[in-house]
Enquirer: 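Take this structure first; my questions come after.
Just follow the structure's listing: the first ligand is 1, and inside any ligand the first atom is 1.
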Amino acid sequence: MAKVAINLATGAIQQEELIVGIDLGTTNSLVAYVHPETRQPAAINDLGRGTIVPSVVHFPADGSAPLVGNEAKDFLLADPANTIYSVKRLLGKSYRDLGQHAGQLGYKVIDDDTEGLVKVRVGERFYSPIELSADILRELRHRAEHALKTPVRRAVITVPAYFNDSQRQATRDAGRLAGLEVLRIVNEPTAAALAYGIGLNPDEEKTVAVYDLGGGTFDISILRLHQGIFEVLSTHGDTWLGGDDMDRAVVEFWLKKFQLGRDFQEVPALQQQLRLAAEMAKRYLSQHDDFTTQLIDGDEDVTVVTLTRAEFDDLIRPLVARTIAACRQALSDAGLGNLGSEGMGVGGSEGISSTSPSYPPTPLPSYPKIDAVLLVGGSTRVPLVYDEVSKFFGQPANNSLNPDEVVALGAAIQADILAGNRRDVLLLDVTPLTLGIETLGGLMDAIIPRNSKIPTKAGRQYTTSVDGQVNLKIGVYQGERDLVQENRKLGEFILSGIPAMPAGLPKIDVNFFLNADGILRVEAVELRSNTRQQVEIKPQYGLTDSQVEQMLMDSLTNAKQDVATRLLIEARTAAEQLLYQVERFLKKNAEHLEATEVSATTAKTDELRQALAGADRDLILRRMDELDELTRPFAERVMNISIKQAMSGKKIG
Ligand code: ADP
Ligand code: MG
């Protein structure tokens with residue numbers, strides 16, 4: 001039962017405060033909630049304006065408040081420099097991350113310092129993608145408050161499964177800026193599965209494929225539900241492939257087929273007319289076989305243009321084939337399919353790949369291990385998409401929920417769970433990439449392995465490698481490779497003020513705390529002195545989506561070589577430590593050693609040093625053994641002397 005409160009000032013009855021679910025999309029955003037009485041999730045439709053809010057922000061020339069949604073979308077062509085779309089692509093990214101794509105946007109992206117986060121320039125002002133996302137979130141919040149007649153302060157927001165730490169943090173910051181307490185950041189495919197009722201029963205074991213084709217992005221995720229935990233087995237896709245490409249293909253087709261004048265490519269209003277007609281045709285053909293409309297040029301001349309379903313299917317076939325290739329890759333990454341020789345991995349492809357896949361794709365056997373294929377995103381309404389996806393997975397895809405709304409509905413269900421209204425459900429997520437720190441020799445020491453349930457904490461004890469070391473640099477990395485240089489650096493900090501002690505004596509606990517949103521806090525404590533230092537991993541610069549995928553892929557393909565490299569580095573590190581100890585020993589105990597012992601030792605250390613310059617691990621190990629053997633007898637002798645001295649009351653060293 002819902003609680004109610006009476007506002008004494010107005011006499012209005014207020015409902016219990018709701019937590020909403022928000023799909024902050026690249027093209028479109030939505031807000032949804034679970035109805036307190038019916039317990040059903042529903043997308044919010046304020047003032048009958050529809051549930052979809054285009055993710056577009058327009059800054060009017062007169063400096064008045066920005067417009068968001070359909071009102072802003074109207075300015076996309078008329079005033080592109082002041083109309084910001086696809087801001088989600090910029091979240092948590094640096095100019096360098098955007099690369100060639102920076103120039104493809106209709107507005108200006110500023111490159112003030114390549115490591116820094118991008119900003120968007122509008123007139124004389126600069127906006128961060130966080131601020132722009134906050135404008136969209138604020139609009140959604142207001143619509144929800146207006147429609148539900150209750151304040152909305154708390155929300156669950158969805159992000160793509162491949163979003164990294166910086167991008168998640170940026171999304172959370174945008175929420176806060178919009179006056180929302182973001183209770184949880186949830187993966188979009190996880191939300192979609194929830195909307196389909198998958199994950200609501202803790203005893204359920206399922207593997208699902210979530211195929212999400214939106215306006216400008218395509219994502220395929222394979223999820224495994226096990227004991228109330230969603231594990232992302234693999235995610236793949238193309239961050240520059242979606243419904244917009246279909247629209248463009250139709251525009252190109254019409255320009256040629258109906259010999260439309262140059263004006264349609266050059267005059268913004270006519271370009272707009274053509275683009276809108278193309279999108280209309282695409283949507284219409286999702287339900288009909290023929291489309292006809294009229295285009296009117298600058299001289300009021302009318303051209304009748306047509307498009308049949310068959311023509312449209314031919315236009316988009318290569319696009320659909322690319323999504324199927326990515327599905328094949330995702331299955332293979334998840335260990336559920338074999339990437340045959342005909343398979344063309346879209347692995348790591350961002351943007352348009354030069355090799356266009358052969359079509360039709362080779363029919364594959366059905367994947368008995370996939371329990372359901374869920375369709376998400378407006379572009380999955382295209383019949384050819386439905387057909388090809390069903391054919392590829394060997395089972396009818398599930399499209400029973402509105403593909404525009406399914407992610408927001410799932411977010412609302414997650415919000416309802418967090419509100420404590422579904423106590424039987426425990427929903428956990430997992431971290432997609434391993435988190436660790438750099439240890440001697442540039443090795444990655446994993447602290448939280450990938451696919452760990454979150455929230456989680458884990459730690460490990462370290463020590464210093466040099467006598468009297470008072471500072472310890474802690475570099476935090478994300479990735480699957482054995483060498484930190486192959487992984488992504490999340491940040492670093494210095495634990496300073498360690499009291500000077502011999503190497504190996506300080507006890508330094510490093511702890512990682514990963515919260516439910518996948519945001520990391522790292523803490524280091526020197527236990528003997530209680531010196532402590534911590535860092536919240538703040539967004540530095542992001543990885544592109546395909547980079548994350550590439551990192552996972554590389555970790556598999558390079559696993560063997562990584563092991564060899566790791567062993568070599570470990571041997572080198574051990575050798576360096578041995579050399580350090582032996583030299584220290586020689587210096588401190590010169591008085592107790594024979595000249596021949598010193599010269600023999602120096603000769604051996606030189607040999608070890610030579611071996612170190614090469615990459616022969618066995619040789620390094622052999623030289624270490626030899627050095628060890630040579631020095632052990634007199635090391636023991638000196639030790640005995642020291643002990644005797646100590647027993648007679650003298651200090652050692
Ligand atoms: P995103 O998740 O990227 O924000 P959406 O899931 O909202 O995007 O998808 C938007 C895309 O879906 C647009 O390209 C739009 O034209 C397309 N779309 C919406 N409805 C239909 C339809 N009936 N048939 C074909 N495409 C559609
Ligand atoms: Mg979406």
Enquirer: Suppose we measure from atom 23 (N) of ligand 1 to each protein heavy atom; which comes out shortest, and what is that distance?
Expert: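 Among all protein heavy atoms, the one nearest atom 23 (N) of ligand 1 is R381 CD, 3.4 Å.
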Enquirer: Regarding D371 and K206, does a basic nitrogen lie under 4.0 Å from an acidic carboxylate oxygen?
Expert: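 Here D371 does not pair with K206 in a salt bridge, since their nearest N and O are not under 4.0 Å apart.
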Enquirer: Going by the atom numbers of ligand 1, which of them fall below 4.0 Å from some non-hydrogen atom of G243?
Expert: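 Contacts of ligand 1 toward G243, numbered from 1: 14 (O).
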Enquirer: Measure centre to centre between the rings of Y107 and Y85, then say whether the value is under 6.0 Å.
Expert: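 That pair passes the under 6.0 Å test.
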Enquirer: Atoms of ligand 1 less than 4.0 Å from T27 heavy atoms?
Expert: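 Within the 4.0 Å cut-off of T27, ligand 1 contributes 1 (P), 3 (O), 4 (O), 8 (O).
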Enquirer: At a 4.0 Å threshold, what atoms of ligand 1 neighbour a non-hydrogen atom of G377?
Expert: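 Close to G377: 6 (O).
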Enquirer: Between ligand 1 and G215, is the shortest N or O to N or O distance under 3.5 Å?
Expert: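 Such a contact does occur with ligand 1.
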Enquirer: Using a 3.5 Å cut-off on N or O atoms only, is N28 in polar contact with ligand 1?
Expert: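 N/O-N/O distance under 3.5 Å: yes.
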Enquirer: Are any of the N/O atoms on D212, whether in the backbone or the side chain, positioned under 3.5 angstrom from an N/O atom of ligand 1?
Expert: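 No.
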Enquirer: Which is closest to atom 12 (O) of ligand 1 in terms of heavy atoms, G378, P383, P54, S86?
Expert: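 Answer by nearest heavy atom: G378.
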Enquirer: Checking salt bridge (Lys or Arg N to Asp or Glu O under 4.0 Å) for the pair E388/R328: CA distance, chi angles, key distance, verdict?
Expert: CA-CA 12 Å; E388 291 301 327; R328 184 177 291 123; over 6 Å; no
Enquirer: Does ligand 1 have an atom under 4.0 Å from some heavy atom of G242?
Expert: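 No, that is not the case, since the closest heavy atom of the residue is not under 4.0 Å from the ligand.
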Enquirer: Under 4.0 Å between a Lys/Arg side-chain N and an Asp/Glu carboxylate O for D238 and R322?
Expert: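 Judged by the 4.0 Å cut-off on N to carboxylate O distance, D238 and R322 do form a salt bridge.
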Enquirer: So which of M246, K282, K88, E279 gets nearest to atom 14 (O) of ligand 1, if we judge by its closest heavy atom?
Expert: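 Closest candidate by heavy-atom distance is K282.
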Enquirer: If you round to the nearest 0.5 Å, how far is OH of Y162 from CG of D219?
Expert: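 The distance works out to 4.5 Å.
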Enquirer: Please determine whether a side-chain nitrogen of the Lys or Arg among R141 and E145 lies less than 4.0 Å from a carboxylate oxygen of the Asp or Glu.
Expert: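 The answer is yes: the pair qualifies as a salt bridge.
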Enquirer: Would you say D247 and ligand 1 have an N/O pair spaced under 3.5 Å apart?
Expert: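 For ligand 1, there is no N or O atom that lies under 3.5 Å from one belonging to D247.
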Enquirer: Considering only non-hydrogen protein atoms, determine which one is nearest to atom 2 (O) of ligand 1 and report residue, atom name and distance to 0.1 Å.
Expert: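 It is G214 CA, 4.2 Å.
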Enquirer: So, are E188 and K88 salt-bridged, with charged N and O less than 4.0 Å apart?
Expert: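 The answer is yes: the pair qualifies as a salt bridge.
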Enquirer: Of the side chain and backbone of S286, name the one, both, or neither that has a heavy atom under 4.0 Å from an atom of ligand 1.
Expert: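 Contact part for S286 vs ligand 1: side chain (C-beta onward).
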Enquirer: On the 0 to 90° scale, with breaks at 30° and 60°, tag the Y284-H288 ring pair as parallel, tilted or perpendicular.
Expert: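 Taking H288 first and then Y284, their aromatic rings lie parallel (interplane angle under 30°).
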